[in-house]
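First comes the structure, then the notes that go with it.
Because the structure is a prediction, the values reported are computed rather than measured.
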Amino acid sequence: MIIKNGTIFTEDGFKEGSIGVAEGTFVNADRAGGEVLDATGKYVLPGLIDVHGHGNSGYDFSTCDENGLRMMAAYLAENGITSFAPASMTVSYESLKTAYGNALALHKNRKAKEAKLVGINMEGPFFSYGKRGAQNPEYLKLPDFEVFKDLYASCEGLIKIADVAPELEGAMDFIKKASELCTVSVAHTEAGYDLALEAFDAGASHVTHLFNGMNGIHHRNPGVPLAALENEKVLAELICDGIHIHPSVIRMVFKLFAGRVVMISDALSCCGMEDGEYDLGELKVTLRGLTATLDDGTLAGSVTNLFGMMKNVISYGIPAEEAIRSCTINPAKQLKMEQKIGSIKEGKCADFLICDKEWKLEAVYIEGQKVR
């Protein structure tokens with residue numbers, strides 16, 4: 001296949017030109033043959049990568065079966081998310097093992113029109129009670145590397161991000177050990193600035209949904225956000241549905257964390273669904289409009305997919321190049337998969353999107369095969 005005359009988003013920004021696809025990977029256009037896709041007047045973007053979404057289409061990763069997970073993957077592919085690392089909730093270890101087994105099955109045997117499951121984000125159970133958010137307090141635990149290692153082995157190393165609150169007993173030792181196996185993220189935490197710095201020095205290099213599940217910035221207590229800002233190795237997740245974070249704060253984060261934002265959906269099982277009651281791990285959430293809450297009114301995750309969030313961010317005035325990077329190469333780096341996915345470059349997987357100049361999604365390809 002040859003994609004010609006498109007406005008192609010590369011690692012260096014937008015370029016007018018052509019790119020080839022052969023055997024599921026990007027190649028020089030001169031080495032490709034077969035179908036010619038004329039992308040005149042269109043954007044050609046890398047497939048989006050969501051490293052933090054819990055569900056969609058009525059299914060929750062932590063509680064659904066393999067078929068439900070495949071339905072989630074099909075929804076993502078249809079909406080331009082070509083790779084994903086579903087996020088588990090704070091549930092029992094037995095439930096986590098079952099969910100991770102389903103993830104491994106999809107990872108090893110993806111079917112046509114399903115997004116690629118490239119990892120797992122272990123969000124919980126090593127969290128602070130005070131900043132648990134929509135996590136189930138019944139299953140909160142102190143960090144336990146042996147338990148983590150058992151889960152890691154059970155899914156053959158598919159855990160790519162592990163989340164932890166640094167103030168918990170044993171957290172620093174956990175961070176040091178787990179960071180040798182995957183990316184470790186500071187999450188659902190009451191930690192202050194100094195303790196967050198210690199966590200980053202110990203090996204954490206990621207922050208889960210910045211500003212949500214942590215203390216905000218105070219001029220005498222800067223907290224996790226500014227500790228992360230001052231450490232160049234740390235990338236920060238951001239939920240950009242316009243509800244979890246005000247657009248003005250989103251603009252601030254993209255300016256301050258230049259090149260270090262990882263946009264996430266934090267999408268729930270009610271993403272893509274009508275108003276009603278849905279599962280979130282073993283809890284219930286109620287969806288009304290674009291807001292999902294627990295019975296006590298606690299704001300849960302979002303109901304907007306990653307492509308929708310990317311469009312939001314562009315509409316907020318963030319340069320399109322920065323918005324796209326935060327959904328592609330940046331999450332790929334945190335999964336340690338930037339050599340395979342995340343950008344349109346010769347030798348990488350041919351995962352790409354075709355959009356019009358108003359950011360309407362027109363086509364989705366995964367490893368050179370059209371899925372939409």
Side-chain angles (χ1 to χ4, degrees), residues 49-54 85 87 121-124 126-128 130-135 160-167 175 183-200 203-219 221-268 298-302 304 306 309-310 312-313 316-318 322-323 325-335:
I49 304 168
D50 193 354
V51 299
H52 189 148
H54 297 284
N121 184 334
M122 185 177 170
E123 192 192 9
F126 308 137
F127 290 155
S128 158
K131 289 295 182 180
R132 66 191 183 281
Q135 303 285 337
K160 301 297 183 182
I161 300 175
D163 300 34
V164 65
E167 69 272 24
I175 291 170
T183 295
V184 174
S185 186
V186 171
H188 289 275
T189 176
E190 298 178 271
Y193 173 84
D194 291 334
L195 194 58
L197 287 181
E198 186 179 345
F200 298 138
S205 59
H206 195 84
V207 175
T208 296
H209 42 53
L210 188 69
F211 293 115
N212 289 281
M214 63 188 67
N215 295 320
I217 297 173
H218 184 278
H219 57 286
N221 183 19
V224 172
L226 290 191
L229 175 64
E230 293 177 353
N231 191 315
E232 291 292 326
K233 74 176 184 181
V234 177
L235 275 68
E237 293 180 356
L238 204 61
I239 307 172
C240 298
D241 58 354
I243 296 170
H244 284 75
I245 305 274
H246 190 278
S248 66
V249 179
I250 291 173
R251 286 189 286 270
M252 179 189 76
V253 172
F254 269 90
K255 182 176 291 186
L256 295 178
F257 283 80
R260 294 195 283 140
V261 176
V262 175
M263 201 184 305
I264 61 165
S265 71
D266 200 21
L268 306 179
T298 298
L299 182 64
S302 88
T304 304
L306 190 62
M309 293 203 179
M310 183 188 77
N312 283 349
V313 167
Y316 298 157
I318 303 301
E322 286 304 304
R325 286 191 183 97
S326 72
C327 299
T328 55
I329 193 63
N330 288 358
K333 289 176 180 177
Q334 297 305 80
L335 296 172

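Side-chain contact between Val313 and Met263: present, with at least one pair of heavy atoms (C-beta onward) separated by less than 4.5 Å. Within the 4.5 Å cutoff, the side chain of Pro225 has heavy atoms near those of the Leu210 side chain. Counting heavy atoms from C-beta outward, Phe127 and Val164 have side chains that stay 4.5 Å or more apart. Using a 4.5 Å heavy-atom cutoff, the side chains of Val261 and Arg325 are not in contact. Contact annotation: the side chain of Val224 approaches that of Val207 to within less than 4.5 Å [non-hydrogen atoms, C-beta and beyond].
Here the CD1-NE2 distance, from Ile264 to His244, works out to 8.5 Å after rounding to the nearest 0.5 Å. Distance check: Asn312 CG to Cys240 SG gives 7.5 Å after rounding to the nearest 0.5 Å. The NE2 atom of His54 lies 9.0 Å from the OG atom of Ser302; values are rounded to the nearest 0.5 Å. The CD1 atom of Ile239 sits 6.5 Å away from atom CD1 of Ile245, with the distance rounded to the nearest 0.5 Å. Atom OG of Ser128 and atom CD of Glu167 lie 5.0 Å apart (nearest 0.5 Å). A distance of 8.0 Å separates CG of Asn212 from CG of Asp266, quoted to the nearest 0.5 Å.
With sequence neighbours left out, the side-chain contact (heavy atoms from CB on, under 4.5 Å) criterion links Ile243 to Asp241, Leu290, Thr291, Leu299. Listed by chain and number, the residues in a side-chain contact (heavy atoms from CB on, under 4.5 Å) with Ala227 are Tyr193, Ala196, Leu197, Phe200 (sequence neighbours excluded). Remark: Thr328 engages Pro46, Leu48, Ile324 in a side-chain contact (heavy atoms from CB on, under 4.5 Å) (not counting sequence neighbours). Scored by the salt bridge (Lys or Arg N to Asp or Glu O under 4.0 Å) test, Glu190 finds no partners at all (sequence neighbours excluded). For Arg260, the salt bridge (Lys or Arg N to Asp or Glu O under 4.0 Å) criterion is met by Glu232, not counting sequence neighbours. The side-chain hydrogen bond (donor to acceptor under 3.5 Å, both in side chains) search around Thr208 returns Asp163, Ser185, not counting sequence neighbours.
In terms of heavy atoms, Leu335 sits closest to Ala85 at CD2-CB, 4.0 Å. Of all the heavy atoms in His52 and Ala87, the pair that sits closest is CD2-CB, 3.7 Å. Phe211 and Met214 get closest at one heavy-atom pair: N-SD, 3.5 Å. Taking all atoms of both residues into account, the shortest heavy-atom contact from Ser265 to Gly53 is OG-CA, 3.7 Å. Taking all atoms of both residues into account, the shortest heavy-atom contact from Leu268 to Ala300 is CD1-CB, 3.8 Å. For the pair Pro331 and Ile49, the tightest heavy-atom approach, listed with the atom from each and the gap, is CG-O, 3.6 Å.
Looking only at distances, a side-chain donor or acceptor of Arg251 sits under 3.5 Å from a matching main-chain atom of Tyr316. A donor-acceptor contact shorter than 3.5 Å is absent between the side chain of Thr189 and the backbone of Val186. Under a 3.5 Å cut-off, the side chain of His188 and the backbone N or O of Gly213 do not form any donor-acceptor pair.
If you check the side chains of Glu237 and His209, you find no donor sitting under 3.5 Å from an acceptor.
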- Message: I'd like to know whether Lys131 forms a side-chain contact (heavy atoms from CB on, under 4.5 Å) with Asn215, so could you lay out the CA-CA distance, the side-chain angles of the two residues, the decisive distance to 0.1 Å, and finally the verdict.
- Response: CA-CA 8 Å; Lys131 289 295 182 180; Asn215 295 320; 3.2 Å; yes
- Message: Working note: Ile161 + His206, criterion side-chain contact (heavy atoms from CB on, under 4.5 Å); need CA distance, chi angles, decisive distance, verdict.
- Response: CA-CA 9 Å; Ile161 300 175; His206 195 84; 4.3 Å; yes
